[in-house]
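These numbers come from the heavy atoms of this one structure, side chains and all, not from hydrogens, waters or symmetry mates.
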Amino acid sequence: MTKEEKETIERIKKRLTRKADYNTGVWLAEQDIETVLNMLKEKDAEIEKYKKLLADNLAKNLNDSIKAKEKADTDLDDLNKGWQVELEKYKQLYNKALDDSVITAHDNMKKDKEIQFQKDINKTEKDRHKQAEKSMKGQIEKKDKMIDLTLEFLAERDLGYYQKEEGGEIQGIFRKYNKDDWKQYFERKEENV
């Protein structure tokens, strides 16, 4: 505690016990109240800082926490000198952690975009493949229809053969080629090519 703080507390004690300075006519000077409020704010800040320090140390290691508490108890008087340095240190650690998390988040977003891009490409290719398959099916069905119509056309013509009878002579019944005969004929031709 500074000399000014001690003097302020003594003045307040005197005024509270009705030993006021009648020359000023004020029981509690505004400056004294501001000094006490500032002291309380500093002490609150110190208390909050030590609460956080103790919680961090407990999380790391119980033995370190006990040592930190003992050190904190002995260092309370020295805290007025070092609180700025500690605060700056915590700010740097916080900013570094924040920077690291921003970088990690950015990298994750970039990876997510790449994955989404690949999914979009895969979907486009799959759609294109389905469209091509559908088109090919349509073309095949059209060709099959054309072949069927051609076979029907040929089956309607008077084209045929005489069925060989058991004596080896080519006499007998004239058999007209039907649709299935023509189909088998072209399938054999295609196999021989």
Side-chain angles (χ1 to χ4, degrees), residues 34 37-157 159 177-193:
E34 286 180 18
L37 285 175
N38 286 337
M39 287 171 49
L40 290 173
K41 284 179 187 176
E42 288 176 8
K43 294 303 175 186
D44 281 341
E46 289 175 354
I47 289 169
E48 288 302 317
K49 181 180 173 189
Y50 271 97
K51 281 181 184 177
K52 182 174 178 4
L53 181 65
L54 287 174
D56 289 345
N57 286 337
L58 281 174
K60 288 180 183 177
N61 188 322
L62 182 59
N63 290 333
D64 291 343
S65 299
I66 294 170
K67 291 176 185 177
K69 186 191 178 311
E70 292 170 356
K71 181 166 175 39
D73 290 339
T74 59
D75 289 344
L76 273 176
D77 292 335
D78 298 334
L79 209 119
N80 285 332
K81 299 173 190 171
W83 75 271
Q84 287 264 339
V85 173
E86 291 296 319
L87 180 62
E88 190 60 36
K89 202 186 299 183
Y90 283 115
K91 281 182 183 178
Q92 289 173 356
L93 288 173
Y94 174 78
N95 287 336
K96 181 169 179 4
L98 184 62
D99 289 346
D100 290 348
S101 65
V102 167
I103 289 169
T104 301
H106 178 266
D107 290 346
N108 288 342
M109 285 173 44
K110 188 175 177 182
K111 287 177 185 173
D112 289 345
K113 284 182 181 179
E114 289 172 357
I115 289 169
Q116 186 59 44
F117 180 71
Q118 188 61 44
K119 284 181 180 177
D120 292 344
I121 288 174
N122 290 346
K123 184 181 182 310
T124 302
E125 286 300 315
K126 189 175 182 180
D127 291 345
R128 190 179 313 158
H129 178 72
K130 282 182 182 179
Q131 187 66 25
E133 186 178 341
K134 188 177 178 182
S135 175
M136 290 293 285
K137 262 187 183 173
Q139 289 176 4
I140 289 171
E141 288 172 1
K142 186 177 178 182
K143 295 280 184 190
D144 285 347
K145 182 68 174 171
M146 288 171 60
I147 290 170
D148 284 344
L149 291 172
T150 304
L151 293 175
E152 286 175 14
F153 175 78
L154 290 173
E156 290 174 1
R157 301 292 166 248
L159 300 173
Y177 285 121
N178 64 20
K179 185 177 172 181
D180 289 331
D181 293 333
W182 284 111
K183 190 173 184 180
Q184 288 174 7
Y185 171 78
F186 286 115
E187 284 174 353
R188 282 188 297 240
K189 281 285 195 183
E190 190 269 330
E191 288 174 5
N192 292 334
V193 173

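- Annotation: salt bridge (Lys or Arg N to Asp or Glu O under 4.0 Å) contacts of Glu48 (sequence neighbours excluded): Lys51.
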**Prompt:** Where do Lys43 and Glu46 land on the salt bridge (Lys or Arg N to Asp or Glu O under 4.0 Å) test, with the steps shown first?
**Reply:** CA-CA 5 Å; Lys43 294 303 175 186; Glu46 289 175 354; 3.6 Å; yes

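- Geometrically, Lys49 does not engage Tyr90 in a cation-pi contact defined by less than 6.0 Å to the ring centre and at most 45° from the axis.
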Counting only pairs under 3.5 Å, give me each side-chain donor-acceptor contact of residues 92-104, with atom names and distances, residues two or more places apart or in other chains.
{"from": "Asn95", "atom 1": "ND2", "to": "Lys91", "atom 2": "O", "distance (Å)": "3.2"}
{"from": "Lys96", "atom 1": "NZ", "to": "Asp100", "atom 2": "OD2", "distance (Å)": "3.2"}
{"from": "Ser101", "atom 1": "OG", "to": "Ala97", "atom 2": "O", "distance (Å)": "3.3"}
{"from": "Ser101", "atom 1": "OG", "to": "Leu98", "atom 2": "O", "distance (Å)": "2.8"}
{"from": "Thr104", "atom 1": "OG1", "to": "Asp100", "atom 2": "O", "distance (Å)": "2.9"}

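- Formation of a donor-acceptor pair under 3.5 Å by the Asn192 side chain with backbone atoms of Lys189 is not found in this model.
- Qualifying side-chain contact (heavy atoms from CB on, under 4.5 Å) partners for Glu152, counting only residues two or more places apart in sequence or in other chains: Leu149, Lys179.
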Please tabulate, one pair per line, all N/O donor-acceptor pairs under 3.5 Å involving side-chain atoms of residues 109-129, not counting sequence neighbours.
{"from": "Gln116", "atom 1": "NE2", "to": "Asp120", "atom 2": "OD1", "distance (Å)": "3.0"}
{"from": "Gln118", "atom 1": "NE2", "to": "Asn122", "atom 2": "OD1", "distance (Å)": "3.2"}
{"from": "Asn122", "atom 1": "ND2", "to": "Gln118", "atom 2": "O", "distance (Å)": "3.4"}
{"from": "Lys123", "atom 1": "NZ", "to": "Asp127", "atom 2": "OD2", "distance (Å)": "3.1"}
{"from": "Thr124", "atom 1": "OG1", "to": "Asp120", "atom 2": "O", "distance (Å)": "2.8"}
{"from": "Glu125", "atom 1": "OE2", "to": "Arg128", "atom 2": "NH1", "distance (Å)": "3.1"}
{"from": "Glu125", "atom 1": "OE2", "to": "Arg128", "atom 2": "NH2", "distance (Å)": "3.4"}

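- Under the rule for a side-chain contact (heavy atoms from CB on, under 4.5 Å), the partners of Phe153 that lie at least two apart in sequence or sit in another chain are Arg157.
- The NZ atom of Lys142 lies 13.0 Å from the CD1 atom of Ile147; values are rounded to the nearest 0.5 Å.
- Listed by chain and residue number, Leu151, Glu187 satisfy the side-chain contact (heavy atoms from CB on, under 4.5 Å) test with Lys183 (two or more places apart in sequence, or in another chain).
- Under the rule for a side-chain contact (heavy atoms from CB on, under 4.5 Å), the partners of Gln139 that lie at least two apart in sequence or sit in another chain are Ser135, Met136.
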